J.: 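Sharing a structure here in structure tokens format.
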Number of protein chains: 2
Amino acid sequence: MSTPCHCVQLRKAARKIGARYDAVLAPVGINIAQFSLLRAVERRQPVSLTELGRTLDLDRSTMGRNVRVVEKLGLVRLDRGEDQREAVVSLSEHGVAVLRVAEPLWERCQRQVADQLGPTRLQLLGELGQLL
Amino acid sequence: MSTPCHCVQLRKAARKIGARYDAVLAPVGINIAQFSLLRAVERRQPVSLTELGRTLDLDRSTMGRNVRVVEKLGLVRLDRGEDQREAVVSLSEHGVAVLRVAEPLWERCQRQVADQLGPTRLQLLGELGQLL
DNA sequence: AATCGTTGCGGGCATATACCCTTTTTTATG
DNA sequence: CATAAAAAAGGGTATATGCCCGCAACGATT
């Protein structure tokens with residue numbers, strides 16, 4: 001028999017948990033990636049795409065596209081920074097409102113997942129990001 | 001302060017580890033998703049798209065598209081099954097050859113990851129799939 | 001044999017993600 | 001100050017992934 005691929009296992013777990021968070025957030029019209037993006041923007045706004053990418057550990061071009069999606073939803077604003085090269089992102093009022101509604105939904109899901117995994121595995125989960 | 005989102009953590013870890021396996025497999029011209037697909041095909045061939053999807057825990061339409069990619073690479077064959085609705089997949093000779101070359105590369109990466117994470121965290125990976 | 005519910009695909013649509021290349025703007029250097 | 005190097009976006013291309021819808025084939029029931 002062959003060992004299961006650690007990467008495949010991890011991806012599978014990520015898909016599953018993602019679907020869960022997505023379902024919880026669906027009533028608000030956003031998914032977990034967008035929720036995470038909005039939170040990151042709120043904490044650092046106004047913030048450039050590059051900095052956002054560094055923060056979320058995503059490719060800059062990925063950031064640009066993901067931001068465009070939430071921009072179309074009217075959740076964030078995109079402006080030019082002082083540095084004319086930068087595109088700086090900030091939450092719109094609508095974005096703030098959506099975030100406020102989404103937060104308790106997310107928290108409930110987060111808690112359920114935490115209970116289901118237990119503190120030990122949660123701890124390990126956090127360590128994965130550091131180690132890889 | 002806000003708790004980090006378990007889902008986001010997991011996705012991030014999955015992206016990172018995925019990039020690693022992808023890099024290792026790049027010389028063979030496939031990525032980890034395709035490697036995993038080829039292995040699944042080899043073990044069950046000839047296998048229908050639906051069954052493959054169930055096996056890999058992927059949406060059937062996703063399976064269809066992913067299979068088409070490796071088909072274009074000449075790694076698998078797609079035929080009609082006895083049941084005329086089914087599209088059955090099997091490895092081509094080239095697919096087998098690529099798999100044989102890819103396996104040792106994958107194994108080395110797999111071992112490195114295992115060493116880096118240690119047994120406890122490795123075990124977590126397996127458990128996540130079950131629990132989520 | 002005609003019909004109807006089920007199953008299996010394929011296509012359309014959308015998001016997430018990454019890599020590469022080009023253009024624009026800034027900055028550092030001679 | 002002029003110019004070259006560096007930084008920031010943006011667009012192109014490609015894969016992975018999921019949902020929904022429609023079509024075709026299969027099987028059971030009448």
Side-chain angles (χ1 to χ4, degrees), chain A residues 7-8 10-23 25-26 29-38 40 46-73 75 78-89, chain B residues 7-8 10-23 25-26 29-38 40 46-73 75 78-89:
Chain A
C7 176
V8 171
L10 200 47
R11 288 165 69 105
K12 192 181 294 191
R15 283 199 306 270
K16 278 196 189 173
I17 200 175
R20 219 163 130 165
Y21 279 80
D22 284 352
L25 293 172
I30 61 177
N31 61 32
I32 183 59
Q34 294 163 348
F35 177 77
S36 142
L37 171 56
L38 293 182
V47 57
S48 78
L49 294 184
T50 296
E51 194 188 333
L52 261 185
R54 252 192 300 268
T55 299
L56 298 176
D57 232 318
L58 286 172
D59 187 88
R60 200 182 31 62
S61 72
T62 298
M63 273 320 324
R65 300 173 209 281
N66 291 0
V67 164
R68 220 177 304 157
V69 172
V70 288
E71 189 204 12
K72 240 176 229 158
L73 295 175
L75 304 176
L78 263 171
D79 307 285
R80 281 289 136 194
E82 280 184 50
D83 184 332
Q84 290 299 299
R85 291 170 302 181
E86 287 184 349
V88 294
V89 191
Chain B
C7 176
V8 171
L10 203 45
R11 289 165 67 105
K12 191 181 293 190
R15 283 199 306 271
K16 278 196 189 173
I17 199 176
R20 221 162 129 164
Y21 279 79
D22 284 352
L25 293 173
I30 62 176
N31 61 32
I32 184 58
Q34 295 164 348
F35 177 76
S36 142
L37 172 55
L38 293 181
V47 57
S48 79
L49 294 184
T50 296
E51 193 188 333
L52 260 186
R54 253 193 299 267
T55 298
L56 298 176
D57 231 317
L58 286 172
D59 188 88
R60 204 188 30 66
S61 71
T62 298
M63 275 319 326
R65 300 169 209 285
N66 292 2
V67 164
R68 220 177 304 157
V69 172
V70 288
E71 189 204 10
K72 241 176 226 156
L73 295 174
L75 304 175
L78 263 171
D79 307 285
R80 281 289 136 192
E82 279 184 51
D83 184 332
Q84 290 298 301
R85 290 169 302 182
E86 285 184 348
V88 295
V89 191

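Each chain gets a letter, A, B and so on, in the order the sequences are listed, and its residues count up from 1. All values derive from a computational prediction rather than experimental measurement.
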J.: About how many Å separate SG of B/C7 and CZ of A/F35, when rounded to the nearest 0.5 Å?
T.: 10.5 Å
J.: Between A/E82 (CD) and D/dA8 (P), how many Å, whole number?
T.: 15 Å
J.: Expressed as a whole number of angstroms, how long is the span from A/D83:CG to C/dT25:P?
T.: 10 Å
J.: Could you state the CG-C1' distance from A/L75 to C/dT15, rounded to the nearest angstrom?
T.: 14 Å
J.: Considering residues at least two apart in sequence or located in another chain, which fulfil the side-chain contact (heavy atoms from CB on, under 4.5 Å) criterion with A/V89?
T.: A/V41, A/V47, A/L49, A/L52, A/V67, A/V76, A/L78
J.: Taking salt bridge (charged side-chain N to carboxylate O under 4.0 Å, His left out) as the test, write out the residues that go with B/R65, two or more places apart.
T.: none
J.: Which letter, B, S or -, goes with each nucleotide of nucleotides 16-22 of chain C from 5' to 3', with contact meaning a protein heavy atom under 4.0 Å?
T.: SBBB---
J.: What integer distance in Å separates A/K12:NZ from D/dG18:C1'?
T.: 16 Å
J.: Could you tell me the separation between the CZ atom of A/R60 and the CE atom of A/M63, rounded to the nearest 0.5 Å?
T.: 11.0 Å
J.: Which stems, defined as runs of 3 or more consecutive Watson-Crick or G-U wobble pairs with both pairing distances under 3.5 Å, involve DNA chain C?
T.: C:1-30 with D:1-30
J.: With sequence neighbours left out, what residues match B/R85 under salt bridge (charged side-chain N to carboxylate O under 4.0 Å, His left out)?
T.: B/D83
J.: Whole-Å distance between D/dG18 C1' and A/D22 CG?
T.: 10 Å
J.: Round to a whole Å and report the spacing from CE of B/M63 to P of D/dG18.
T.: 10 Å
J.: Under the side-chain hydrogen bond (donor to acceptor under 3.5 Å, both in side chains) test, which residues partner B/R20, sequence neighbours left out?
T.: B/Q116
J.: For residues 49-58 of chain A, pull every pair meeting side chain to side chain donor-acceptor pair (under 3.5 Å), keeping only residues two or more places apart or in separate chains.
T.: A/R44-A/T55
J.: In whole angstrom, what separates A/R20's CZ from D/dG18's C1'?
T.: 18 Å
J.: Nearest whole Å is fine: how far is C/dT15 C1' from A/L38 CG?
T.: 14 Å
J.: With rounding to the nearest 0.5 Å, note down the distance linking CG in B/L73 to CD1 in B/I30.
T.: 9.0 Å
J.: Look up atom CZ in A/R80 and atom CD in A/E82, then write down how far apart they are to the nearest 0.5 Å.
T.: 13.5 Å
J.: Testing B/I17, B/L10, B/I32, B/L56 one by one against A/R11 for a side chain to side chain contact (heavy atoms under 4.5 Å, CB included), which residue passes?
T.: B/I32
J.: Which residues pass the side-chain hydrogen bond (donor to acceptor under 3.5 Å, both in side chains) test with A/S61, sequence neighbours left out?
T.: A/D59
J.: Please check the phosphate of C/dG11 (OP1 and OP2 only) for any side-chain N or O of B/R68 closer than 4.0 Å.
T.: yes
J.: Looking at DNA chain C, which of residues 46-56 of chain B put a heavy atom within less than 4.0 Å of it?
T.: B/S48, B/L49, B/T50
J.: Find every protein N or O atom lying less than 3.5 Å from an N or O atom of nucleotides 2-6 of chain C, and list the pairs.
T.:
none

J.: With rounding to the nearest 0.5 Å, note down the distance linking CG in B/N66 to CG in B/N31.
T.: 8.5 Å
